[in-house]
Student: 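One structure, pasted below without further comment.
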Amino acid sequence: MINFADLNYLDVKKKFSKIFIDLDRKKLSMRTNQIWKFYYQKGYFKPSLFSNLPSEIIKAIENKINFTRLKIKKKQLSKDGTIKWLLELKDKNLVETVYIPSESHGTLCISSQVGCTLNCKFCHTGTQPLVKNLSSNEIINQIMVAKDELNEWFEQKKINNIVYMGMGEPLYNFENVKKSVQILKDTNGLNFSNKRITISTSGISPNIKKAANEIGTYLALSLHAPNNNIRNSLMPINKKFNIKNIIEDCNHYTKENKNKIFIEYVLLKNINDSAKCAKQLSNIMSKFPCKLNLIQFNPWPGVKYTPSTYEQTLKFIEIVQKNGHIVTLRKSRGDDILGACGQLKTASERAKRFSSFLKN
Ligand code: SF4
(Lines give C-alpha, C1' and ligand atoms only; values in the text may rest on other atoms or scores of the structure.)
Protein backbone atom coordinates (compact mmCIF):
# COMPACT_ATOMS: atom_id res chain seq x y z
CA MET A 1 0.00 0.00 0.00
CA ILE A 2 1.42 3.41 -0.94
CA ASN A 3 2.42 5.81 1.81
CA PHE A 4 0.78 9.25 1.75
CA ALA A 5 4.18 10.99 1.81
CA ASP A 6 5.17 9.25 -1.42
CA LEU A 7 2.64 11.48 -3.16
CA ASN A 8 2.91 15.18 -3.88
CA TYR A 9 -0.29 17.24 -3.94
CA LEU A 10 -1.09 16.47 -7.58
CA ASP A 11 -0.39 12.76 -7.04
CA VAL A 12 -2.81 12.76 -4.09
CA LYS A 13 -5.50 14.40 -6.19
CA LYS A 14 -4.97 11.84 -8.94
CA LYS A 15 -5.07 8.97 -6.45
CA PHE A 16 -8.26 10.30 -4.84
CA SER A 17 -9.92 10.66 -8.26
CA LYS A 18 -9.49 6.90 -8.62
CA ILE A 19 -10.67 6.12 -5.08
CA PHE A 20 -13.66 8.49 -5.09
CA ILE A 21 -14.99 8.08 -8.60
CA ASP A 22 -18.35 9.58 -7.62
CA LEU A 23 -16.96 12.92 -6.45
CA ASP A 24 -17.19 15.87 -8.82
CA ARG A 25 -14.07 18.00 -9.44
CA LYS A 26 -14.97 20.62 -6.85
CA LYS A 27 -15.56 18.11 -4.09
CA LEU A 28 -12.45 16.17 -5.08
CA SER A 29 -10.34 19.33 -4.66
CA MET A 30 -12.04 20.07 -1.35
CA ARG A 31 -11.36 16.60 0.05
CA THR A 32 -7.76 16.62 -1.22
CA ASN A 33 -7.13 19.98 0.46
CA GLN A 34 -8.72 18.85 3.71
CA ILE A 35 -6.72 15.66 3.97
CA TRP A 36 -3.48 17.30 2.82
CA LYS A 37 -3.85 19.93 5.55
CA PHE A 38 -4.85 17.40 8.22
CA TYR A 39 -1.69 15.47 7.51
CA TYR A 40 0.84 18.23 6.90
CA GLN A 41 -0.51 21.12 8.97
CA LYS A 42 -2.09 19.34 11.92
CA GLY A 43 0.14 16.28 11.99
CA TYR A 44 -2.71 13.74 12.04
CA PHE A 45 -1.11 10.39 11.32
CA LYS A 46 -4.19 8.24 10.76
CA PRO A 47 -7.44 8.81 8.85
CA SER A 48 -9.59 8.17 11.94
CA LEU A 49 -8.26 11.50 13.30
CA PHE A 50 -9.46 13.38 10.21
CA SER A 51 -12.46 15.06 11.82
CA ASN A 52 -15.46 16.23 9.77
CA LEU A 53 -14.89 13.59 7.11
CA PRO A 54 -17.69 11.13 6.32
CA SER A 55 -16.89 7.65 7.65
CA GLU A 56 -17.06 6.08 4.16
CA ILE A 57 -14.33 8.46 2.97
CA ILE A 58 -12.15 7.61 5.98
CA LYS A 59 -12.64 3.90 5.38
CA ALA A 60 -11.86 4.16 1.66
CA ILE A 61 -8.62 6.04 2.38
CA GLU A 62 -7.58 3.63 5.11
CA ASN A 63 -7.89 0.76 2.67
CA LYS A 64 -5.76 2.38 -0.03
CA ILE A 65 -3.18 4.63 1.62
CA ASN A 66 -0.79 4.10 4.47
CA PHE A 67 -0.18 7.07 6.79
CA THR A 68 2.21 5.50 9.28
CA ARG A 69 5.35 7.25 10.49
CA LEU A 70 8.84 5.81 10.84
CA LYS A 71 9.51 4.08 14.12
CA ILE A 72 11.94 5.60 16.62
CA LYS A 73 14.51 2.98 17.59
CA LYS A 74 16.70 5.25 19.64
CA LYS A 75 16.85 8.88 20.69
CA GLN A 76 19.95 10.65 21.95
CA LEU A 77 20.14 14.10 23.46
CA SER A 78 23.41 16.01 23.37
CA LYS A 79 24.48 18.33 26.17
CA ASP A 80 24.21 21.22 23.68
CA GLY A 81 20.53 20.45 22.95
CA THR A 82 21.11 18.57 19.67
CA ILE A 83 18.82 15.57 19.31
CA LYS A 84 19.59 12.52 17.18
CA TRP A 85 16.94 9.99 16.27
CA LEU A 86 17.68 6.55 14.89
CA LEU A 87 14.64 5.71 12.78
CA GLU A 88 13.54 2.33 11.53
CA LEU A 89 12.13 2.06 8.02
CA LYS A 90 9.41 -0.42 7.09
CA ASP A 91 12.10 -2.73 5.63
CA LYS A 92 14.00 -2.56 8.97
CA ASN A 93 16.84 -0.45 7.59
CA LEU A 94 17.88 2.41 9.84
CA VAL A 95 18.50 6.10 9.17
CA GLU A 96 19.53 8.98 11.34
CA THR A 97 18.00 12.43 11.63
CA VAL A 98 19.48 15.24 13.69
CA TYR A 99 17.84 18.36 15.14
CA ILE A 100 20.19 21.26 15.89
CA PRO A 101 18.59 24.07 17.88
CA SER A 102 20.14 27.51 18.25
CA GLU A 103 18.96 30.65 20.01
CA SER A 104 17.20 32.01 16.94
CA HIS A 105 16.19 28.95 14.94
CA GLY A 106 16.21 25.19 14.61
CA THR A 107 17.68 23.12 11.79
CA LEU A 108 16.77 19.58 10.93
CA CYS A 109 19.41 17.55 9.13
CA ILE A 110 17.84 14.70 7.18
CA SER A 111 19.21 11.67 5.35
CA SER A 112 18.54 10.79 1.72
CA GLN A 113 20.12 7.32 1.50
CA VAL A 114 20.93 4.40 3.77
CA GLY A 115 24.72 4.40 3.56
CA CYS A 116 26.51 6.14 0.70
CA THR A 117 28.40 5.13 -2.43
CA LEU A 118 30.91 7.95 -2.36
CA ASN A 119 33.28 6.88 0.36
CA CYS A 120 34.64 10.32 1.29
CA LYS A 121 37.63 9.49 3.45
CA PHE A 122 36.83 11.86 6.34
CA CYS A 123 33.17 10.88 6.60
CA HIS A 124 31.81 8.23 8.94
CA THR A 125 28.75 7.61 6.75
CA GLY A 126 31.13 6.99 3.83
CA THR A 127 32.40 3.84 5.54
CA GLN A 128 28.93 2.34 5.26
CA PRO A 129 28.25 1.04 1.74
CA LEU A 130 25.05 2.12 0.02
CA VAL A 131 22.11 -0.02 1.06
CA LYS A 132 19.35 1.91 -0.68
CA ASN A 133 17.90 5.24 -1.76
CA LEU A 134 15.23 6.56 0.58
CA SER A 135 11.75 6.98 -0.87
CA SER A 136 10.03 10.35 -0.66
CA ASN A 137 7.99 9.10 2.31
CA GLU A 138 11.10 7.91 4.12
CA ILE A 139 12.59 11.38 3.66
CA ILE A 140 9.44 13.33 4.57
CA ASN A 141 8.68 11.07 7.51
CA GLN A 142 11.98 12.03 9.16
CA ILE A 143 10.54 15.55 9.33
CA MET A 144 7.11 14.36 10.49
CA VAL A 145 8.67 12.33 13.32
CA ALA A 146 10.83 15.28 14.37
CA LYS A 147 7.76 17.54 14.37
CA ASP A 148 5.87 14.99 16.50
CA GLU A 149 8.78 14.72 18.90
CA LEU A 150 9.26 18.49 19.19
CA ASN A 151 5.52 18.92 19.61
CA GLU A 152 5.54 21.39 16.75
CA TRP A 153 1.98 20.88 15.55
CA PHE A 154 0.32 22.95 18.23
CA GLU A 155 3.21 24.99 19.53
CA GLN A 156 5.62 27.51 18.05
CA LYS A 157 7.64 26.46 14.99
CA LYS A 158 10.87 24.82 16.04
CA ILE A 159 12.17 23.56 12.70
CA ASN A 160 13.00 26.56 10.53
CA ASN A 161 15.48 25.03 8.13
CA ILE A 162 15.76 21.64 6.51
CA VAL A 163 19.18 20.54 5.32
CA TYR A 164 19.76 17.41 3.23
CA MET A 165 23.12 16.81 4.83
CA GLY A 166 22.58 13.57 6.69
CA MET A 167 23.46 10.17 5.35
CA GLY A 168 23.86 9.85 1.60
CA GLU A 169 24.32 11.93 -1.54
CA PRO A 170 20.94 13.59 -2.25
CA LEU A 171 21.64 14.14 -5.95
CA TYR A 172 22.15 10.38 -6.42
CA ASN A 173 18.56 9.96 -5.25
CA PHE A 174 17.29 12.73 -7.48
CA GLU A 175 13.63 11.88 -8.13
CA ASN A 176 12.76 11.01 -4.52
CA VAL A 177 14.57 14.06 -3.19
CA LYS A 178 12.79 16.20 -5.78
CA LYS A 179 9.39 14.85 -4.73
CA SER A 180 10.16 15.38 -1.05
CA VAL A 181 11.14 18.99 -1.81
CA GLN A 182 7.85 19.51 -3.67
CA ILE A 183 6.00 18.35 -0.55
CA LEU A 184 8.18 20.53 1.69
CA LYS A 185 7.57 23.60 -0.45
CA ASP A 186 3.79 23.21 -0.73
CA THR A 187 2.30 26.29 0.93
CA ASN A 188 -0.72 24.30 2.11
CA GLY A 189 1.57 21.60 3.42
CA LEU A 190 4.87 21.84 5.23
CA ASN A 191 5.43 25.29 3.75
CA PHE A 192 9.21 25.69 3.65
CA SER A 193 10.45 28.27 1.13
CA ASN A 194 13.44 27.63 -1.18
CA LYS A 195 15.56 29.63 1.26
CA ARG A 196 14.68 27.31 4.12
CA ILE A 197 15.86 24.18 2.34
CA THR A 198 19.46 23.33 1.51
CA ILE A 199 20.59 20.38 -0.52
CA SER A 200 24.16 19.37 -0.08
CA THR A 201 26.08 17.63 -2.83
CA SER A 202 29.59 16.37 -3.23
CA GLY A 203 29.45 17.56 -6.84
CA ILE A 204 27.37 15.22 -8.97
CA SER A 205 27.87 17.31 -12.08
CA PRO A 206 24.92 16.46 -14.36
CA ASN A 207 22.48 16.54 -11.48
CA ILE A 208 23.59 19.96 -10.24
CA LYS A 209 22.38 21.41 -13.55
CA LYS A 210 19.18 19.39 -13.29
CA ALA A 211 18.64 20.52 -9.70
CA ALA A 212 19.00 24.16 -10.75
CA ASN A 213 16.01 23.76 -13.06
CA GLU A 214 13.93 21.20 -11.19
CA ILE A 215 14.59 21.65 -7.46
CA GLY A 216 15.76 25.24 -6.96
CA THR A 217 16.59 25.30 -3.24
CA TYR A 218 19.80 26.57 -1.68
CA LEU A 219 22.74 24.43 -2.71
CA ALA A 220 25.71 23.47 -0.55
CA LEU A 221 28.77 22.09 -2.26
CA SER A 222 30.95 19.74 -0.23
CA LEU A 223 34.24 20.83 -1.73
CA HIS A 224 36.67 20.08 1.11
CA ALA A 225 39.79 20.56 -1.03
CA PRO A 226 41.32 23.43 -3.02
CA ASN A 227 42.79 21.36 -5.87
CA ASN A 228 42.20 18.08 -7.70
CA ASN A 229 45.15 16.30 -6.09
CA ILE A 230 43.90 16.76 -2.55
CA ARG A 231 40.28 16.29 -3.55
CA ASN A 232 41.05 13.02 -5.35
CA SER A 233 42.60 11.69 -2.16
CA LEU A 234 39.72 12.81 0.07
CA MET A 235 36.74 12.34 -2.24
CA PRO A 236 37.01 9.62 -4.92
CA ILE A 237 34.02 11.16 -6.77
CA ASN A 238 36.42 13.93 -7.87
CA LYS A 239 38.00 11.52 -10.34
CA LYS A 240 34.65 11.44 -12.13
CA PHE A 241 33.52 15.05 -11.69
CA ASN A 242 36.53 17.28 -11.06
CA ILE A 243 36.77 20.82 -9.73
CA LYS A 244 36.60 22.36 -13.24
CA ASN A 245 33.32 20.50 -13.93
CA ILE A 246 31.91 21.61 -10.59
CA ILE A 247 32.80 25.27 -11.15
CA GLU A 248 30.87 25.21 -14.45
CA ASP A 249 27.85 23.58 -12.75
CA CYS A 250 27.89 26.01 -9.85
CA ASN A 251 28.01 28.90 -12.28
CA HIS A 252 24.95 27.50 -14.01
CA TYR A 253 23.18 26.94 -10.68
CA THR A 254 23.70 30.49 -9.44
CA LYS A 255 22.56 31.94 -12.78
CA GLU A 256 19.30 30.00 -12.53
CA ASN A 257 18.83 30.28 -8.80
CA LYS A 258 20.31 33.74 -8.01
CA ASN A 259 21.52 32.65 -4.57
CA LYS A 260 25.06 32.16 -3.41
CA ILE A 261 26.24 28.58 -3.06
CA PHE A 262 27.54 27.46 0.32
CA ILE A 263 30.97 25.90 -0.01
CA GLU A 264 31.52 23.31 2.68
CA TYR A 265 35.09 22.72 3.71
CA VAL A 266 36.14 20.53 6.58
CA LEU A 267 39.51 21.59 7.94
CA LEU A 268 41.88 18.64 8.31
CA LYS A 269 45.23 19.19 9.98
CA ASN A 270 48.16 19.19 7.51
CA ILE A 271 45.91 17.96 4.69
CA ASN A 272 43.90 20.92 3.40
CA ASP A 273 44.50 23.70 5.93
CA SER A 274 47.71 25.39 4.73
CA ALA A 275 48.00 29.02 3.64
CA LYS A 276 48.54 27.76 0.07
CA CYS A 277 45.27 25.82 0.29
CA ALA A 278 43.46 28.93 1.55
CA LYS A 279 44.74 30.91 -1.46
CA GLN A 280 43.77 28.19 -3.92
CA LEU A 281 40.34 27.95 -2.35
CA SER A 282 39.92 31.74 -2.60
CA ASN A 283 40.72 31.48 -6.28
CA ILE A 284 37.99 28.85 -6.81
CA MET A 285 35.55 30.98 -4.83
CA SER A 286 36.09 33.95 -7.12
CA LYS A 287 34.68 31.94 -10.05
CA PHE A 288 31.01 31.92 -8.94
CA PRO A 289 28.88 33.58 -6.22
CA CYS A 290 29.43 31.65 -3.02
CA LYS A 291 30.30 31.83 0.63
CA LEU A 292 32.47 29.57 2.68
CA ASN A 293 31.26 27.43 5.51
CA LEU A 294 34.26 26.04 7.35
CA ILE A 295 33.60 22.94 9.38
CA GLN A 296 35.57 21.75 12.36
CA PHE A 297 36.39 18.11 11.83
CA ASN A 298 34.59 15.74 14.17
CA PRO A 299 36.72 12.63 14.65
CA TRP A 300 35.00 9.26 14.76
CA PRO A 301 36.32 5.82 15.80
CA GLY A 302 39.09 4.62 13.46
CA VAL A 303 39.53 7.77 11.37
CA LYS A 304 43.09 8.83 10.45
CA TYR A 305 42.46 12.60 10.23
CA THR A 306 42.64 15.16 13.01
CA PRO A 307 41.08 18.61 13.27
CA SER A 308 43.03 21.72 12.32
CA THR A 309 44.43 23.71 15.21
CA TYR A 310 42.65 26.86 16.34
CA GLU A 311 45.59 29.04 15.18
CA GLN A 312 45.67 27.43 11.74
CA THR A 313 41.90 27.78 11.41
CA LEU A 314 42.15 31.52 12.15
CA LYS A 315 44.96 31.94 9.62
CA PHE A 316 42.94 30.10 7.00
CA ILE A 317 39.90 32.29 7.63
CA GLU A 318 41.99 35.47 7.45
CA ILE A 319 43.42 34.59 4.05
CA VAL A 320 40.03 33.76 2.53
CA GLN A 321 38.49 36.91 3.99
CA LYS A 322 41.36 39.06 2.70
CA ASN A 323 40.54 37.72 -0.75
CA GLY A 324 37.06 39.22 -0.39
CA HIS A 325 34.96 36.19 0.56
CA ILE A 326 32.41 35.60 3.31
CA VAL A 327 33.47 32.90 5.77
CA THR A 328 31.49 31.26 8.55
CA LEU A 329 33.02 28.81 10.97
CA ARG A 330 30.43 26.21 11.82
CA LYS A 331 30.47 25.28 15.46
CA SER A 332 30.51 21.57 16.04
CA ARG A 333 27.18 20.43 17.44
CA GLY A 334 26.09 17.12 18.88
CA ASP A 335 29.55 15.55 18.66
CA ASP A 336 29.09 13.80 22.02
CA ILE A 337 26.29 11.71 20.43
CA LEU A 338 28.05 11.28 17.05
CA GLY A 339 25.40 13.56 15.58
CA ALA A 340 27.79 16.11 14.18
CA CYS A 341 28.59 16.61 10.53
CA GLY A 342 30.15 13.55 8.90
CA GLN A 343 29.58 11.37 11.96
CA LEU A 344 26.26 9.80 11.02
CA LYS A 345 26.27 6.09 10.61
CA THR A 346 23.57 3.65 11.43
CA ALA A 347 23.64 0.21 12.83
CA SER A 348 22.12 -1.23 9.64
CA GLU A 349 25.63 -2.01 8.38
CA ARG A 350 26.30 -4.02 11.52
CA ALA A 351 23.00 -5.81 10.99
CA LYS A 352 23.75 -6.63 7.39
CA ARG A 353 27.49 -6.67 6.95
CA PHE A 354 28.15 -6.72 10.34
CA SER A 355 25.87 18.44 8.36
CA SER A 356 23.32 24.17 11.39
CA PHE A 357 25.19 26.29 9.72
CA LEU A 358 22.32 28.14 8.12
CA LYS A 359 21.91 31.48 9.68
CA ASN A 360 18.84 33.61 9.58
S1 SF4 B 1 30.40 13.24 2.92
FE2 SF4 B 1 28.33 12.87 2.09
S3 SF4 B 1 28.75 12.10 0.02
FE4 SF4 B 1 30.69 11.85 1.17
S5 SF4 B 1 30.58 9.77 2.01
FE6 SF4 B 1 29.74 11.17 3.57
S7 SF4 B 1 27.54 11.09 3.21
FE8 SF4 B 1 28.51 10.29 1.36
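Atoms within a ligand are numbered from 1 in the order they appear, just like the ligands themselves.
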Student: List every atom of ligand 1 that sits less than 4.0 Å from any heavy atom of Asn119, numbering the atoms from 1 in the order shown and giving each element.
Tutor: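 Near Asn119, meaning under 4.0 Å from one of its heavy atoms, ligand 1 has 5 (S).
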
Student: Do any of the N, O or S atoms of His124 sit under 2.8 Å from atom 6 (Fe) of ligand 1?
Tutor: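 Coordinating: no.
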
Student: I'd like to know if Lys73 and Glu88 make a salt bridge, using a cut-off of under 4.0 Å between side-chain N and carboxylate O.
Tutor: yes

Student: Going by an N to O cut-off under 4.0 Å, is there a salt bridge joining Lys179 and Glu175?
Tutor: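 The answer is no: the pair does not qualify as a salt bridge.
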
Student: Under 30°, 30 to 60°, or over 60°: which ring-plane class applies to Tyr99 and Trp85, parallel, tilted or perpendicular?
Tutor: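 Tilted, since the angle between the ring planes falls between 30° and 60°.
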
Student: Please work out, at 4.0 Å between heavy atoms, whether the side chain, the backbone, both, or neither of Ile237 comes within that distance of ligand 1.
Tutor: neither

Student: Got more than 12 heavy atoms from elsewhere within 6.0 Å of NZ, Lys157?
Tutor: yes

Student: Kindly determine whether Tyr305 and Phe122 satisfy ring-ring contact (aromatic ring centres under 6.0 Å, His included), including the steps that lead there.
Tutor: CA-CA 7 Å; Tyr305 301 112; Phe122 51 84; 7.2 Å; no

Student: Select one of side chain, backbone, both or neither to describe which atoms of Cys116 lie under 4.0 Å from any atom of ligand 1, heavy atoms only.
Tutor: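 Just the side chain.
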
Student: Can you list the ligand 1 atoms lying under 4.0 Å from a non-hydrogen atom of Cys123?
Tutor: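 Contacts of ligand 1 toward Cys123, numbered from 1: 1 (S), 5 (S), 6 (Fe), 7 (S).
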
Student: Would you say Gly168 touches ligand 1, if touching means a heavy atom closer than 4.0 Å?
Tutor: yes

